Amino acid sequence: MPPVPTTFYHPRYEDYFFGPQHPFRPSRQHMLLDLLEALARAPDPEEPAPAERADVLAVHDADFVEAVETASQRNGPAPGRRYGLGRGGDTPAFSGMDAATRRLAGGTLAASRRVADGEATVALQLGGGLHHAHAGRASGFCVYDDLAVAIHHLLRNDLRVAYLDIDVHHGDGVQSIFYRDPRVLTVSLHESGRFLFPGTGFPSERGEGPGEGTAVNVPLAPHTTGERYLDAFEAVAAPAVAAFAPDVIVAQCGADAHMKDPLAHLALTTHAYESLFRNIKALADKHAGGRLVATHGGGYDLDAAARVWALALFIFTGQSLPEEPLPETWRERWRGRHGTAPAATLHDETTPDVPASEREEIEAHNRRAVEAVRERLQGRGLADE
Ligand SMILES: [Zn+2]
C-alpha cells in the first residue's frame, strides 16, 4: 500500500500577520479548514516545529537573517531599507516576525522531510509558499523562503527537484536562489511582469552557469483564461519536467490566478484549477515516482482561495470531489465575517467575461511567449521538436 498523504498546519501560522489591512491574512487558511470540517473532510494535519536558524541560513544570507531577528524585537530598530522590511513597504517588519516566518518554513520543511524519508509520497503544507523571498531580502509579503528551505533539504538528500509555480506572480525568489543550480528546475507560469509585480519572469531568464536552462518562465497576458493557461502549461511545463526527470516535484499553488482575485488579472476558474492540479499530480506520478510536496501561496479573494485549496487537497490526496452544494452553515458563518456569502458550490458557477476584441491580442501575446520558451527548451533538448 502506498504511504498515506500527510498534511501540515499549525494554529500559530496566524502569527505571520502584517496587520488587519494587509491582504496576506491568516483567515485564508481558517476559511479553508472550516470548509473542510463542514464537508466532513477535515484533514487532521500534523503540527510542524519551526525551522531552525541553521535551516534558514542554508538559503539566506547571514546579514539578512540578523536584520530579520533584530526587526522582530518589540520596538526594535527599523531595518535598513535594503532588506525589504521597511514600515511603508509591502512586507513591513512586525514583532515576532522571525519566529512566525520560521514556523511557516517549518511546515514546508516537514513536508519535504516526510517525502525525502519515503514516509509519504504526497505531503501538503496548508500555508507557506513565500516565493518572493530572496537570499538577502524580503519581498512581496515574503520574509523567509520556505520553498527554498524545503528544496535545499531535498537536495541534501540527493533528490533532483522540479519546482512548479502556478501563483499569478512570478516565483522570483525561488528562481534566484537556485539560478545557478543544475539540480533544480524552476518553472513559473504567471501574469507578465510587464503588467504585474515583481516585474520579472521573462523567457530570457533561463538560469546561469551550471544552471543554465533550468529556469523556465511563461509570462501570460492579463485576462488569460483557464483554457489558454492550460495550453501553455501543457506546451511548456509538461515537456520541461519530463526532460528534467526529477525525483520530486515541489508545487507552489497560489490561488491568485483565479478570476476573482483582487490583486491580479488572470482569469482562471476553479474548473481550470482542477485540471491544473490533476496535471501536476499526473506529472509527479509519471516522472517523479508520485513524490509531491505542495504549498499554498498568494490568493486574496478569500472565497476563491478556500475553494481552490480545497480542490488541491482533494486531488493531491486522491479523494473524490464533493458533489453537493457547500454547507449553508459554513456560508452563513463566512457571510457574517466578510459581508458577502461565499459561492454555493465548490466550483464556480460563472465564467470570466473577456471581451472578444481583446481575445485575439491575448492569444497572440501568449503564443509568442510559449514559442519563445519552447525554442529555448528545444535548444537544450528539453522539449520535443
Ligand atoms: Zn501571488
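This one's a predicted model, so the numbers in the text were calculated from it and none came from an experiment. Order of appearance sets the numbers: ligands from 1, and atoms from 1 within every ligand.
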Exercise for the section: Examine His131 and say whether one of its N/O/S atoms is closer to the Zn ion (ligand 1) than 2.8 Å. Expected result: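 False for His131.
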
Practice task
Would you name the N/O/S atom of Asp256 that lies closest to the Zn ion (ligand 1)?
Solution key: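 Distance check against the Zn ion (ligand 1) picks out OD2 in Asp256.
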
Problem - cation_pi(Arg103, Tyr13) dist<6.0 Å, angle<=45 - result: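 No.
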
Problem - Phe64 six-ring face occupied by Arg137 cation (under 6.0 Å, within 45°) - result: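 Pair Arg137/Phe64 does not count as cation-pi.
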
Exercise for the section: Would you give the angle at the Zn ion (ligand 1) between His169 atom ND1 and Asp167 atom OD1, to the nearest 10°? Expected result: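 It rounds to 100°.
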
Problem - Separation of Ile166 CD1 from Phe277 CZ (nearest 0.5 Å) - result: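 Result: 4.5 Å between the selected atoms.
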
Practice task
For the residue pair His131 and Asp165, confirm or rule out a side-chain donor-acceptor distance under 3.5 Å.
Solution key: yes

